[in-house]
Amino acid sequence: MALIDCDDLVFRYPYAERPVLDGVSLAIGAGERIAVLGANGSGKTTLARFIAGLLPDVAMKAERGSVSMEGRPWPAWTIAERSAAVQFVGQVPAQQLSGCAFTVYDELAFGPCNLALPEADVRARVEEALTICNLRHLVERDPFTLSGGEQQRLSIGAALAMKPRVLVLDEPTSNLDPESRDAFIEQLAALPASLTVIVFEVALRPSMALASRFLLFDGGRIVADGGASDVLTDPRCIAALGETSVARAAGSVRAAGGWPAGTPLPLTVPEASDAFAEVRRALRR
């Protein structure tokens, strides 16, 4: 049984002509690292909210299909059960701050305290989140005085402090500068293997660093599902999101006759280095 299962999910916003989710079926296993890629406005955020159990109820009910965790549809879960199982971090971090905390430390502790955990456990969770999200130097700051990128790291830290089984991230690096983004990606990549992470992204670099399985979302449907070499080189993905600079450079080399036909183009610098070394060896033979 999949950990999370989307079964023929169809959803249309009120007065919309077309459904934003049009028959989405998706099975997610425990511990998977998944990137759901799609252009802005494609409906990724709506799908993310359904997967996280935030849109399963009467007011925003799906026209058809359902999302289940461990075989139980989300409406059968209480809000407390959902929040303990899955944490969602959206694109606007300021909207996710509790408003009840005067410091970064208190914001990280807010969720665990509401679980009525022993003080030692709360402190341990906060310390871990401070380290993972590089927030220790901000520990005494008011959350609403932080920059957008700092608030984004704080909202993710608060989610991690809840120790969820599934972490759903909607464009988690959108407010980070390149240096902070790369450091944060390294920290997320080191999360426990048991944690299922689903990243919804429009940017290729962070998704490539975080995921081993890639889904292309277009027209309300999952149109591609596989590894990076399959999905990121799909013409539909390139048309929607472009291609990596490494793949673009390798494509230019191929067009000039310097890359063997039928050989997969590299997507990253290490892949390119290995591939060019192999090409050089082939030319010497």
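Predicted, not measured: the structure shown is a model, and the values here were computed from it. All values below come from the heavy atoms of this structure, side chains included, with hydrogens, waters and symmetry mates left out. Numbers for residues simply follow the sequence, beginning at 1.
Interatomic distance, CG of Leu135 versus CZ of Arg153, reported as 5.5 Å (0.5 Å rounding). Residue Asp225 holds its CG atom at 11.5 Å from CG of Asp234, rounded to the nearest 0.5 Å. How far CD1 of Ile4 is from OG1 of Thr196: 7.0 Å, rounded to the nearest 0.5 Å. One distance of note links CE of Met69 with CD1 of Ile28; it measures 10.0 Å at 0.5 Å rounding. For the atom pair Ser42 OG and Phe200 CZ, the distance stands at 10.0 Å (nearest 0.5 Å). A distance of 8.5 Å separates OG in Ser25 from CG in Leu9, rounded to the nearest 0.5 Å.
You'll find the side chain of Leu210 stays beyond 4.5 Å of the side chain of Val197, heavy atoms only. Proximity of Phe214 to Ser207: side-chain heavy atoms (C-beta onward) are separated by under 4.5 Å at one or more points. Between Leu130 and Val139, the closest side-chain pair of non-hydrogen atoms falls below 4.5 Å. When side chains are defined from C-beta on, Phe217 counts as touching Leu21, because their heavy atoms get closer than 4.5 Å. Between Ile222 and Leu216 there is no side-chain heavy-atom pair separated by less than 4.5 Å. In this structure the side chain of Arg165 never reaches within 4.5 angstrom of the side chain of Val86, judged on heavy atoms. In this structure, the side chains of Arg125 and Leu117 come closer than 4.5 Å at one or more pairs of heavy atoms. Between Leu146 and Val104, some side-chain heavy-atom pair lies under the 4.5 Å cut-off.
No salt bridge links Glu107 with Arg141; every basic N to acidic carboxylate O contact stays at or beyond 4.0 Å. Under a 4.0 Å N-O distance rule, the pair Asp218/Arg236 does not qualify as a salt bridge. Ionic pairing of Arg123 and Glu127 is not present here: no N-O contact between side-chain nitrogen and carboxylate oxygen is shorter than 4.0 angstrom. Ion pairing between Lys44 and Glu201 fails under the 4.0 Å rule for side-chain N and carboxylate O.
Without hydrogens or angle criteria, Arg82 side chain to Trp77 main chain gives a donor-acceptor distance under 3.5 Å. Listed for the Asn114 side chain is a donor-acceptor partner under 3.5 Å among the backbone atoms of Phe110. The backbone N or O of Thr103 lies less than 3.5 Å from no partner atom in the side chain of Glu140, so there is not a single donor-acceptor pair. At least one donor-acceptor pair closer than 3.5 Å links the side chain of Gln151 to the backbone N or O of Pro143.
The two residues Leu108 and Ala158 come nearest to each other via the heavy atoms CD2-N, 3.4 Å. Annotation for Gly226 and Val231: closest pair N-CG2, 3.4 Å, computed over non-hydrogen atoms. The minimum heavy-atom distance between Gly43 and Val20, with the atom names listed, is CA-CG2, 3.5 Å. Heavy-atom minimum distance, Pro93 versus Gly148: CG-O, 3.7 Å.
Hydrophobic clustering, with ILVMFWY side chains joined whenever heavy atoms are under 4.5 angstrom apart, groups Val122 together with Leu154. Residue Val10 is not grouped with residue Leu54 when hydrophobic side chains (ILVMFWY) are merged at heavy-atom distances under 4.5 angstrom, including chains of intermediate members. Cluster membership for Val67 and Tyr13, using ILVMFWY side-chain heavy atoms within less than 4.5 angstrom, is shared. Cluster annotation: Ile132 is connected to Leu167 through the hydrophobic network of ILVMFWY side chains, with a link wherever side-chain heavy atoms come within less than 4.5 Å. Phe88 and Met162 are members of different hydrophobic clusters when ILVMFWY side chains are connected at heavy-atom separations under 4.5 Å.
In this structure Ser212 satisfies the side chain to side chain donor-acceptor pair (under 3.5 Å) test with no other residue, sequence neighbours excluded. Residues forming a side chain to side chain donor-acceptor pair (under 3.5 Å) with Gln91 (at least two apart in sequence, or on another chain): Thr45, Asp170. The salt bridge (charged side-chain N to carboxylate O under 4.0 Å, His left out) search around Asp142 returns none, not counting sequence neighbours.
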If you look only at distance, which donor and acceptor atoms sit under 3.5 Å apart when one is on a side chain in residues 188-195 and the other is two or more places apart or in another chain?
none

Side chain to side chain contact (heavy atoms under 4.5 Å, CB included) assessment of Asp5 paired with Leu26:
CA-CA 6 Å; Asp5 184 61; Leu26 171 64; over 6 Å; no
Test side chain to side chain donor-acceptor pair (under 3.5 Å) on Gln152 and Ser155 and set out the steps.
CA-CA 5 Å; Gln152 193 160 38; Ser155 61; over 6 Å; no
Could you walk me through whether Asp8 and Arg64 satisfy the side chain to side chain contact (heavy atoms under 4.5 Å, CB included) test, starting with their C-alpha distance in whole Å, then the side-chain angles of each, then the deciding distance to 0.1 Å, before giving a yes or no?
CA-CA 7 Å; Asp8 194 24; Arg64 188 176 73 236; 2.7 Å; yes
Show, in sequence, the C-alpha distance, side-chain angles and deciding distance for Phe50 and Cys6, and conclude whether the side chain to side chain contact (heavy atoms under 4.5 Å, CB included) test is met.
CA-CA 9 Å; Phe50 265 101; Cys6 294; over 6 Å; no
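Annotation for Phe144: atom CZ counts as buried by contact number, over 12 foreign heavy atoms lying within 6.0 Å.
Applying the salt bridge (charged side-chain N to carboxylate O under 4.0 Å, His left out) rule to pairs touching residues 23-39 yields Glu32-Arg213, sequence neighbours excluded. Here salt bridge (charged side-chain N to carboxylate O under 4.0 Å, His left out) pairs that include residues 13-31, with residues two or more places apart or in two chains, are Asp22-Arg221.
Checked against Leu37 for a side chain to side chain contact (heavy atoms under 4.5 Å, CB included), the options Leu204, Leu215, Val202 give a single hit: Leu204.
Looking at Thr131 and Glu128, their side chains never bring a donor and an acceptor atom within 3.5 Å of each other.
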